[in-house]
Amino acid sequence: MSKFEMKEYEEKYCREWKHAFEADPKDGADKFYINVAYPYPSGAMHVGHGRTYIAPDVIARYRRMQGRHVLFPMAFHVTGSPVIGISKRIARGDEKTIKLYRDLYRVPQDVLNRFTEPTEIVKYFSDEYERVMSSCGLSIDWRRRFTTVYPQYSKFIEWQYKHLYEQNRVRKGAHPVKFCPQCDNPVGDHDLLEGEKAEIVKYTLVMFTWGEYKVPCATLRPETTYGVTNLWVNPNVTYKKVLLDGEKWILSPEAAHKLSLQEHEVKEEGEIKGSELIDQKMNHHMCGSVPVLPAEFVDPDMATGIVMSVPAHAPFDYIALRDLQKQGKYTDITPIALITVPGFGQFPAKDAVERSGIADQNDPGMETLTQEVYSAEFSSGKMFPQYGGKPVKIAREEYAELMREKYGSIIMYDFDNHNVMCRCGSRVFVKILKDQWFLQYSDEAWKKQIHEQLNRVELVPPEVRTEFERTIDWLKDWACSRRIGLGTRMPFDKNWLVEPLSDSTIYMAFYTIAHKLLQIEPEKLTPEVFDYVYRGEGSPDNLPIPKETAEDLRKEFLYWYPYDFRFSAKDLISNHLTFQLFHHKALFPENLQPKGMVVFGMGLLEGAKMSSSKGNVFLLEDAVRDLGADTVRMFLVGSAEPWQDFDWRKELVTATKKQIERFHTTVTEGNDASGSCDIDKWLISRLQERVKKTDEALQLFQTRQALQEAYFGIDSDLKWYRRRLPEGVTGSAVLKEVNSVWIRLLAPFIPFTCQNLWEFTGNSGNIAFAQWPTADESKVDEPVELAEELLIRTTEDIESIIKLIEIEKASSITLFVAPEWKYGLFRKIANAEDRNNVIGLIMKDEEMKKRGKEATDATKQITTLIHRLPPDLVGLIEKNDVSEAKVFESAVGFLEREYGLKVKIVKSDESSHPKARQALPFKPAILIE
RNA sequence: GCGAGGAUAGCCAAGUGGUCAACGGCGCCCGACUCAAGAUCGGGUCCUUAGUGGUUCGCGGGUUCGACUCCCUCUCCUCGCACCA
């Protein structure tokens with residue numbers, strides 16, 4: 001088979017299969033609905049995407065051949081903002097982006113010019129996706145293809161959110177987000193140039209008063225306010241006087257700006273130098289009047305730029321105060337302790353500093369030291385009795401609340417240390433987004449339902465279950481509305497778009513009738529229509545669509561739903577895969593909930609992580625063109641199980657191609673064979689086991705294991721088969737039977753080649769619908785397999801001996817077959833309760849007693865042998881009465897031909913040769929001389 | 001840092017208490033075919049060795065007659081940690 005032919009039949013079948021997998025409800029058929037997370041078509045498909053869709057296709061094809069009525073649909077997710085960014089960058093002439101699309105994805109220049117319009121990008125790539133997916137032989141019903149911005153889909157989303165809203169699962173809330181003022185939009189971590197690990201920290205502002213002014217000190221530890229001895233202000237900073245929500249405040253300029261983004265009205269009124277604040281007295285209800293001390297370490301860009309000092313419990317404060325006191329200043333200030341911590345003395349901060357030997361506040365160890373005291377006090381600290389005596393853990397929240405209620409404290413958000421930059425180059429701040437909509441995943445009752453539901457979902461591989469459980473527990477409310485991007489407007493608040501992950505939770509239900517919905521004018525798809533179709537609520541009469549249409553939609557939905565399995569990459573467990581469980585539960589009854597999920601691993605390219613942005617990808621289209629779709633398929637599902645990471649290595653893929661070619665050659669050649677041979681029975685017997693194992697593996701989605709059996713297993717059986725054929729014979733008629741089974745067994749993996757061979761071997765029709773082979777137990781012949789196993793093991797022994805001796809000296813092989821009494825021993829030991837202590841048992845036998853040492857030696861050897869043989873085999877040996885002598889006698893011709901030596905078979909008890917005594921059941925003594 | 005999963009011979013990888021020196025593939029080596037190369041086919045591939053024995057399955061301990069397999073410590077890797085597909 002030349003490369004040319006492989007390509008040729010692949011293209012031919014691709015055309016023929018265009019409509020082959022369109023699935024309509026069929027009465028009496030056992031449906032199987034499988035689906036995959038749809039792609040976001042913003043770039044070309046690479047081989048990593050390939051596996052995501054090929055693995056489910058293999059399963060779809062397997063089930064179809066089993067007689068299941070399979071639905072495998074596909075659509076495109078185009079909601080969200082990435083393509084908007086891409087088109088902007090292309091419009092702006094961004095080198096990197098243009099290079100990626102022009103050179104790596106090979107978008108023609110005229111098309112690229114149109115990419116300044118975001119929808120053009122997804123339009124172009126979704127067509128490309130369909131083309132490439134088809135060329136891979138994916139058995140998809142393409143009539144159901146849609147994108148998430150089709151008006152009919154929007155109607156579906158509106159219907160869904162109307163329900164969620166009515167169920168009170170979508171609520172308005174305010175949340176702090178990372179926000180870029182220049183883009184005027186929240187930014188996710190992937191939008192950041194810098195500071196990706198930055199976290200939003202929630203400070204409590206402790207409001208000191210200074211005359212008519214309020215002086216906010218930001219703290220993470222409001223419970224320590226009783227221990228404040230002074231404030232710290234940076235004398236070199238010029239602070240602002242502002243009117244914040246109508247009150248006079250003093251704070252750093254940066255802080256003023258930050259708070260203006262956090263739902264506060266900030267009006268600038270004037271300035272005041274830090275130095276002017278030094279030595280002023282500030283008041284707070286909880287600590288009284290305290291002085292302001294100078295501190296250059298105070299960062300105006302950190303929270304409010306004014307800090308309260310608790311030298312008893314904060315190492316930083318302690319050292320700073322100590323340094324000033326060393327200069328003879330502020331010697332009247334003494335730390336005020338208010339927390340006891342096991343392992344520390346009266347002043348934990350002082351202890352920690354002295355223990356660590358840190359000399360000054362610029363020491364890099366200060367950070368760790370602070371953390372140490374902070375953690376110790378948080379986990380095991382207790383407030384002094386006069387401050388309530390509660391554990392810090394609890395007191396902190398209580399004080400924070402008290403201070404917000406009584407002492408004018410408010411919350412301020414800021415990043416922890418990091419400088420955060422947007423991709424646009426502008427600095428990112430924390431902004432409170434008000435009126436944002438949230439899905440109430442934090443709702444305990446809802447969570448409980450999902451936990452219960454999860455127990456009924458089949459998960460592959462089973463190990464991911466704990467991760468799902470964790471995710472459900474960990475989920476908080478999810479902001480489900482966006483200002484910009486493509487998508488559907490919230491039906492109850494048209495100012496917001498439904499967030500991209502939030503509009504992709506129940507679209508598997510849309511697939512079931514997508515092709516029909518797309519024929520209906522969107523405005524007719526009212527919530528009442530969907531209520532009837534998807535929930536069976538109301539009546540099909542008086543809907544905007546004809547009654548028959550409504551009933552037909554309802555029927556088809558119920559025919560396919562619930563889906564049987566959903567496939568997705570493992571990184572979606574913590575969002576999409578779990579979200580969809582929540583939404584299914586909210587909208588559909590118990591009998592329509594998801595039944596199973598299969599989670600994928602990631603893809604590597606030559607050992608390195610695949611990444612489009614780094615250009616480290618291999619395009620699926622190129623792979624199919626260069627190596628053939630079947631090669632790509634077989635490699636992607638055969639080199640690792642779906643949930644394991646796979647590594648696309650050119651060398652291995654090329655080897656896969658050769659394997660397919662070998663398969664093709666073997667089948668083609670075997671087709672002409674006729675007649676029959678002794679070994680036929682063995683081959684057919686083995687084949688049943690291969691079929692069974694392949695099937696078992698596929699049932700568990702183990703595509704790799706299935707291929708091991710279906711391809712390599714049968715291949716290696718055939719190897720032994722050919723070796724055992726009489727001289728000059730290349731095969732027998734039995735190969736036709738093997739071929740027929742083999743072709744069908746591999747059809748889910750390499751459908752093109754199998755279709756070609758299917759026709760070559762005289763069949764017609766699409767092999768995708770041919771009958772899946774099943775094992776025929778009546779063809780399993782244990783004695784024959786056992787005899788062959790004995791021969792295989794013996795040849796291996798002979799070969800290892802030949803390898804070790806000087807072969808030119810040898811002229812004959814003698815096989816000494818174990819005597820009957822050793823077989824008796826074998827059975828006795830195999831059946832013994834305790835195989836390790838059988839000597840006593842054996843020696844009760846008078847005959848064995850007479851044999852003496854010979855018997856004890858044999859017992860030891862046989863015990864070891866039994867431990868070393870596969871348990872199944874031990875059972876078979878014991879059960880079947882195979883005459884070793886006969887097996888070897890009939891194989892003398894074969895053995896003599898194999899080794900070019902004279903072969904003699906001798907019963908060991910009829911020989912006086914010392915070697916003969918070594919003979920064991922299933923392990924003849926071998927003498928080569 | 002937290003959560004989940006993982007670490008097996010040159011590489012990939014199977015293997016969950018005795019079937020294990022460890023399936024299979026790749027690479028490499030030898031042989032057959034060929035004028036030759038490639039492809040294909042057969043064999044070999046830890047050290048030793050008449051089919052045996054020894055030392056191996058991230059590091060270090062432990063349980064057991066016996067551990068790649070069970071338990072503990074540590075090291076390293078991958079994924080996720082949210083408003084993003």
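Scope of the values below: all heavy atoms of this structure, side chains included, with no hydrogens, waters or symmetry mates. Each chain gets a letter, A, B and so on, in the order its sequence line appears, and its residues count up from 1.
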Note to self: Of the listed nucleotides (B/G24, B/A82, B/A85), which one gets closest to any side-chain atom of A/Gln708?
What the structure shows: B/G24

Notebook entry, point to check: So, A/Gln580 versus A/Tyr507: side-chain donor-acceptor pair below 3.5 Å or not?
Noted result: no

Note to self: Between B/C11 and B/C57, how many Å separate the two C1' atoms, rounded to a whole number?
What the structure shows: 16 Å

Checklist line | Pair A/Asp477, A/His175: side-chain N/O donor-acceptor within cut-off below 3.5 Å | finding: no

Margin query: Can you tell me which nucleotide in B/C26, B/G80, B/A14 comes closest to the side chain of A/Asp571?
Written below: B/G80

Next item on the list: Measure from the side chain of A/Ala655, starting at C-beta and using heavy atoms only, and say which of B/C26, B/G3, B/A13 lies closest.
Entry: B/C26

Note to self: With nearest nucleotide decided by heavy atoms, which residue, A/Trp474 or A/Leu501, maps closer to the 5′ end of RNA chain B?
What the structure shows: A/Trp474

Margin query: Please confirm whether the shortest side-chain N or O distance from A/Thr466 to OP1 or OP2 of B/G5 is below 4.0 Å.
Written below: yes

Next item on the list: Could you work out which one of B/U78, B/A4, B/G25 sits closest to the side chain of A/Glu467?
Entry: B/A4

Next item on the list: Taking atom P in both B/A9 and B/G60, compute the distance separating them and give it to the nearest angstrom.
Entry: 15 Å

Next item on the list: For A/Ser502 and A/Val498, indicate whether the former's side chain and the latter's backbone hold a donor-acceptor pair under 3.5 Å.
Entry: no

Note to self: Applying a 4.0 Å non-hydrogen cut-off, can you work out what A/Leu572 is touching in the nucleic acid: base, sugar-phosphate, or nothing?
What the structure shows: base

Note to self: Taking B/C81 as the reference, what is the distance to B/U19 when you measure between their C1' atoms (whole Å, please)?
What the structure shows: 43 Å

Next item on the list: Let me know the distance between CD1 of A/Ile877 and C1' of B/U19, rounded to the nearest Å.
Entry: 12 Å

Notebook entry, point to check: For residues A/Thr79 and A/Thr148, is any side-chain donor paired with an opposing acceptor at under 3.5 Å?
Noted result: yes

Checklist line | Same-atom distance (C1') from B/G24 to B/C20, integer angstrom | finding: 15 Å

Checklist line | Nearest-angstrom distance from the residue atom CD of A/Glu796 to C1' of B/G42 | finding: 15 Å

Margin query: At less than 4.0 Å, is any side-chain N or O atom of A/Gln659 found next to OP1 or OP2 of B/C26? Yes or no.
Written below: yes

Next item on the list: For nucleotides B/C23 and B/G10, find the distance between their P atoms and express it as a whole number of Å.
Entry: 14 Å

Checklist line | Phosphate-side-chain proximity, A/Gln702 and B/A14, N/O vs OP1/OP2 below 4.0 Å | finding: no

Next item on the list: Identify which nucleotide among B/A85, B/G42, B/G51 has an atom closest to any side-chain atom of A/Arg722, counting heavy atoms from C-beta outward.
Entry: B/G42

Notebook entry, point to check: What is the distance from CD of A/Glu499 to C1' of B/A85, rounded to the nearest Å?
Noted result: 9 Å

Check: CD of A/Glu469 versus P of B/G5: gap in Å, rounded?
Finding: 12 Å

Item checked: B/C20 pairs with, by Watson-Crick or G-U criteria that keep both distances under 3.5 Å -> none

Notebook entry, point to check: Can you tell me if A/Gln440 and A/Trp478 form a side-chain donor-acceptor pair at under 3.5 Å?
Noted result: no

Check: On a whole-Å scale, what distance lies between the P atoms belonging to B/C70 and B/A82?
Finding: 33 Å

Check: Between A/Leu577 (CG) and B/A4 (P), how many Å, whole number?
Finding: 18 Å

Checklist line | Between A/Arg169 and A/His583: side-chain donor-acceptor atoms closer than 3.5 Å | finding: no

Notebook entry, point to check: Among B/A82, B/A85, B/G51, which is the nearest nucleotide to the side chain of A/His77?
Noted result: B/A85

Check: Which nucleotide sits closest to the side chain of A/Ile928: B/A14, B/A85, B/A50?
Finding: B/A50

Notebook entry, point to check: Is there a Watson-Crick or G-U wobble partner for B/A85 with both distances under 3.5 Å, and which nucleotide is it?
Noted result: none

Notebook entry, point to check: Among B/G80, B/G51, B/C12, which is the nearest nucleotide to the side chain of A/Ile801?
Noted result: B/G51

Item checked: Nearest-Å distance once atom C1' is located in both B/G42 and B/G61 -> 48 Å

Margin query: OP1 or OP2 of B/C79 versus the side-chain N and O atoms of A/Lys609: is any pair under 4.0 Å?
Written below: yes

Next item on the list: Consider the side chain of A/Met602, meaning its heavy atoms from C-beta on, and name the nucleotide among B/A14, B/A82, B/C79 that approaches it most closely.
Entry: B/C79

Check: Between the side chain of A/Gln436 and the main-chain N/O of A/Leu433, is any donor-acceptor distance below 3.5 Å?
Finding: no

Notebook entry, point to check: Rounded to whole angstroms, how far apart are CD1 on A/Ile472 and C1' on B/C81?
Noted result: 16 Å

Next item on the list: Check whether any side-chain nitrogen or oxygen of A/Lys658 sits under 4.0 Å from OP1 or OP2 of B/A39, and answer yes or no.
Entry: yes

Check: Looking only at N and O atoms, is any donor in the side chain of A/Asn575 or the base of B/A85 less than 3.5 Å from an acceptor on the other one?
Finding: yes

Item checked: No-hydrogen, no-angle side-chain donor-acceptor test under 3.5 Å, A/Tyr38 and A/Ser504 -> yes

Check nucleotides 43-47 of chain B for protein N or O atoms closer than 3.5 Å to its own N or O atoms and list the pairs.
unit_1, atom_1, unit_2, atom_2, d
B/U45, OP1, A/Lys803, NZ, 3.3

Margin query: Between P on B/G1 and OH on A/Tyr374, what's the gap in Å once rounded to a whole number?
Written below: 18 Å

Next item on the list: Give a yes or no on whether the backbone of A/Pro500 and the side-chain of A/His77 come within a donor-acceptor separation of less than 3.5 Å.
Entry: yes

Next item on the list: For B/G66 and B/U56, measure between their P atoms and round to the nearest Å.
Entry: 15 Å

Check: Which one is paired to B/C2, where only Watson-Crick or G-U wobble pairs with both distances under 3.5 angstrom count?
Finding: B/G80

